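Notes follow once the structure below has been shown.
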Amino acid sequence: MAKALIVYASLTGTTKGIAELLAEELRDLKVEVLVEECTEVYPKEFIENDICVMATYTYGSDGSLPEEAEDFFYELEEVNLKGKVFGVLGSGDLIYEKFCPSVNDFDKQFEKTNAIRGTENLKINLDPDEADKQKIKQFAKNLVNAYSKNK
Ligand SMILES: Cc1cc2nc3c(=O)[nH]c(=O)nc-3n(C[C@H](O)[C@H](O)[C@H](O)COP(=O)(O)O)c2cc1C
């Protein structure tokens, strides 16, 4: 059985909810899933998993990373995740000049780990609507397909 770790940063709960929706979709696909808040885990814990996911919101006047996710972000590039599949998703607000830039930032950070991108980044405007929920379902399927091809 494939194992996934979903790490999230969430100030007001939206991204946490997205992480939990993704966990349900992955569990439906028979993946063993853990969901952890970013201050509660170290990036090296991805090594014990096959599928590595970061779910993040964006904050600050210039589209900054969530402050509490910074340590996790910088430690991530030190970890070798060769052979793993990764995906990044998150919540933002289209009212801001840059929409969900933290999702792109984490995607770039994962590239440095040698992990394989299992699916395109998924950016959700505020709370997920029905269309977004379908995209989360597809995101889960893409990750599992990439894992199956890669193992
Ligand atoms: C001060 C502040 C700055 C924000 N900056 C951005 C931003 O630059 N880009 C963006 O897409 N969303 C931005 N957001 C929106 C949040 O990322 C969005 O509300 C998200 O759903 C919050 O997720 P959470 O409930 O998991 O904390 C900002 C929100 C606040 C309060």
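Starting from 1, each residue takes its place in the sequence as its number. Just so we're clear, the structure is a prediction, and the values are computed from it rather than from any experiment. Atoms within each ligand, like the ligands themselves, are counted from 1 in listed order.
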For atom 19 (O) of ligand 1, grab the closest protein heavy atom and report residue, atom and distance to one decimal in Å.
L126 CD2, 3.7 Å

Are L21 and L143 grouped together when hydrophobic residues (ILVMFWY) are joined by side-chain heavy atoms under 4.5 angstrom apart?
yes

What residue and heavy atom of the protein are closest to atom 8 (O) of ligand 1, and at what distance?
G63 CA, 3.3 Å

From K123 NZ over to T56 OG1, what is the distance, rounded to the nearest 0.5 angstrom?
11.5 Å

Check: of D62, T15, T58, min heavy-atom distance to atom 16 (C) of ligand 1 comes from T58

Cluster check L34, Y42: I/L/V/M/F/W/Y, side chain < 4.5 angstrom
no

Ligand 1 to L11, heavy atom cutoff 4.0 Å, flagged ligand atoms 24 (P), 26 (O), 27 (O)

Which residue and atom name correspond to the protein heavy atom nearest atom 9 (N) of ligand 1, and how close is it?
K98 O, 2.7 Å

Would a single hydrophobic cluster contain both L89 and L126, if residues Ile, Leu, Val, Met, Phe, Trp and Tyr are joined by side-chain heavy-atom contacts under 4.5 Å?
no

Numbering as shown, the atoms of ligand 1 that approach T14 to under 4.0 Å (heavy-atom distance)
21 (O), 23 (O), 24 (P), 25 (O), 26 (O)

Could you go through F46 and F110, starting from their C-alpha distance and side-chain angles, then the distance that decides it, and tell me whether this counts as ring-ring contact (aromatic ring centres under 6.0 Å, His included)?
CA-CA 11 Å; F46 280 137; F110 265 115; 5.6 Å; yes

For the 3.5 Å polar cut-off, considering only N or O atoms, please tell me whether P101 and ligand 1 meet it.
no

Looking only at protein heavy atoms, what sits closest to atom 24 (P) of ligand 1 is T12 OG1, 3.4 Å

Using a strict cut-off of less than 4.0 Å between a Lys/Arg side-chain nitrogen and an Asp/Glu carboxylate oxygen, indicate whether R117 and E111 qualify as a salt bridge.
yes

One should read off an interatomic distance between T12 OG1 and Y57 OH, to the nearest 0.5 angstrom, of 8.0 Å

ILVMFWY network linking L76 to V35, side-chain heavy atoms under 4.5 angstrom
no

Closest to atom 30 (C) of ligand 1 among Y57, Y96, Y8 (heavy-atom distance):
Y96

F99 heavy atoms within 4.0 Å reach ligand 1 at atoms 11 (O)

Against V33, only a single residue in V53, L22, I6, I51 fulfils side chain to side chain contact (heavy atoms under 4.5 Å, CB included); can you say which?
I6

Passing candidate, side chain to side chain contact (heavy atoms under 4.5 Å, CB included) with F99, options T58, N125, D93:
N125

Regarding atom 5 (N) of ligand 1: of the candidates P66, G60, G17, which has the closest heavy atom?
G60

Looking only at protein heavy atoms, which one is nearest to atom 12 (N) of ligand 1, and how far off is it?
D93 N, 3.1 Å

closest protein heavy atom to atom 20 (C) of ligand 1 is S91 OG, 3.4 Å

Looking only at protein heavy atoms, what sits closest to atom 31 (C) of ligand 1 is Y59 CE1, 3.4 Å

Nearest non-hydrogen protein atom to atom 11 (O) of ligand 1, with distance, is C100 N, 2.8 Å

